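Both ligands and their constituent atoms are indexed starting at 1 by order of listing. These numbers were taken from a predicted model, which means no experiment stands behind them.
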Amino acid sequence: MKYYSTNHISPSVPLSEAVTRGLAPDGGLYMPERISRLPEVFFSGLADMSFVEASQRVARALFAGVPADKLNSITADTLSFDTPLVEVEPGVYSLELFHGPTLAFKDVGARFMARLLGYFAAGGDRELNVLVATSGDTGSAVANGFLNVPGIHVYVLYPSGKVSRIQESQFTTLGHNITALEIAGTFDDCQRLVKSAFVDADLNAAMRLTSANSINIARLLPQSFYYYRAVSQLRSRGIDLAPVVCVPSGNFGNLTAGLIAARTGLGIKHFIAANNANDVFLEYLETGHYNPRASVQTYANAMDVGAPSNFARILELYGSSHDAIAADISGQRNSNEDILATIRDVYDRTGYILDPHGACAYRALRGGMKKGDVGIFLETAHPAKFGNIIEMAIGHGAPVPEKLKACMGREKQSIPLSNSFADLKEYLLAQN
Ligand SMILES: *Cc1c(COP(=O)(O)O)cnc(C)c1O
């Protein structure tokens with residue numbers, strides 16, 4: 001099986017090329033040529049399978065061109081933690097995706113991609129250099145995912161003074177093959193520098209460069225593991241109903257992975273995409289017009305996306321039929337006030353502390369469930385990362401887990417650079 005571009009101009013490529021390129025040359029996103037149904041025995045045995053076992057079976061169906069034993073070990077290494085299903089109130093479950101090393105749901109995609117890229121890079125004789133620009137969470141997940149992967153060096157570019165202390169400590173204290181470049185500028189400067197590096201002839205002649213962008217197929221597909229895990233945990237509680245699943249969405253990678261899981265035959269009754277004030281997808285569902293625009297800042301900042309990159313993949317899955325998309329997926333929007341009120345309400349009634357992204361998803365789920373439904377919302381971040389917002393809602397922050405405390409105690413190591421490309425280039429060339 002090969003991977004094709006959603007723009008249908010560039011040729012289909014093997015997985016190794018889709019993963020090292022990230023974006024297709026025609027600007028499209030890669031998709032698997034086939035999403036086959038998994039056999040009935042897989043679904044009937046799901047309740048008794050571990051997270052790793054079920055995910056290995058799924059990985060073998062979605063990733064072609066990697067030996068099965070290699071895929072199995074990449075998957076097992078990625079999933080060193082579980083995604084527990086917690087009943088928040090009768091019939092409403094939180095699937096907690098924040099138990100990875102950086103307490104972000106992006107850990108799974110980043111860890112899987114790092115290991116797969118490491119496997120493909122192992123064949124080459126030159127080190128592979130990953131450049132990533134971050135405004136916070138992506139840098140932490142990517143840096144931690146790639147930590148100590150042989151044959152790969154990661155440079156994280158971040159805007160000095162513009163990321164939270166917790167986030168900064170998650171990618172500046174790792175050492176080894178992770179270098180944090182502290183840029184005197186904005187996140188946009190960091191992105192511009194990375195883009196300039198990828199097209200610079202001297203740099204590309206001197207070193208192998210690649211990105212760890214969230215559009216990469218190797219980051220997208222492993223997120224489908226969550227959905228099988230959700231259903232598996234429902235089944236082991238004796239619940240056989242197909243759940244309504246609500247996904248807090250920004251670039252829509254997580255939701256796309258859920259749609260792909262459903263295509264393989266996983267029983268999900270309906271999807272709900274929760275948005276914050278950045279609601280282009282909801283607007284598309286309501287009007288049939290897709291009108292991407294600049295994002296606005298909200299309390300659920302990982303969902304502050306005005307032009308969701310995976311929209312093209314969703315269109316592709318449904319042959320661009322608006323009716324078909326709207327039949328499977330509902331949309332919903334949350335204001336900052338909705339987010340605070342939801343965190344407060346759920347805490348008061350149940351004691352469960354939602355993070356701002358999970359709050360959007362919880363509220364959308366409750367609004368979209370029908371009588372008799374079982375609902376699952378994806379809780380994508382640990383509430384301790386959003387201490388000030390939680391405090392506004394309930395008067396105190398969430399307890400900070402040991403994992404976060406540990407990296408905050410370690411020494412920060414970063415290389416300060418200006419926001420000029422000439423400086424970055426000089427620095428990178430000197431590293432070879
Ligand atoms: C990235 C992120 C999201 C949005 O996920 P998409 O796949 O971009 O839709 C939601 N919540 C958190 C905490 C995130 O980090």
Under 3.5 Å, is there a donor-acceptor pair between the side chain of Asp355 and the main chain of Gly358?
yes

Does any donor atom in the side chain of Arg60 or Asn72 lie under 3.5 Å from an acceptor atom in the other side chain?
yes

Run through all N or O atoms in ligand 1 and write down each protein N or O closer than 3.5 Å, as a pair with its distance.
{"residue": "ligand 1", "atom": "7 (O)", "partner": "Gly253", "partner atom": "N", "Å": "3.1"}
{"residue": "ligand 1", "atom": "7 (O)", "partner": "Asn254", "partner atom": "N", "Å": "2.9"}
{"residue": "ligand 1", "atom": "8 (O)", "partner": "Asn251", "partner atom": "N", "Å": "2.8"}
{"residue": "ligand 1", "atom": "9 (O)", "partner": "Gly250", "partner atom": "N", "Å": "2.7"}
{"residue": "ligand 1", "atom": "9 (O)", "partner": "Asn251", "partner atom": "N", "Å": "3.3"}
{"residue": "ligand 1", "atom": "9 (O)", "partner": "Phe252", "partner atom": "N", "Å": "2.8"}
{"residue": "ligand 1", "atom": "11 (N)", "partner": "Thr380", "partner atom": "OG1", "Å": "2.8"}
{"residue": "ligand 1", "atom": "15 (O)", "partner": "Lys106", "partner atom": "NZ", "Å": "2.4"}

A cation-pi test, strictly: NZ or CZ of Arg263 under 6.0 Å from the centre of the six-membered ring of Tyr318 and no more than 45 degrees from its axis. Yes or no?
yes

Taken in chain and number order and not counting sequence neighbours, the residues that satisfy side chain to side chain donor-acceptor pair (under 3.5 Å) with Tyr347 are His396

Indicate yes or no: does Glu402 engage Lys405 in a salt bridge with an N to O separation below 4.0 Å.
yes

How about CZ on Arg333, more than 12 heavy atoms from neighbouring residues, nucleotides or ligands closer than 6.0 Å, or not?
no

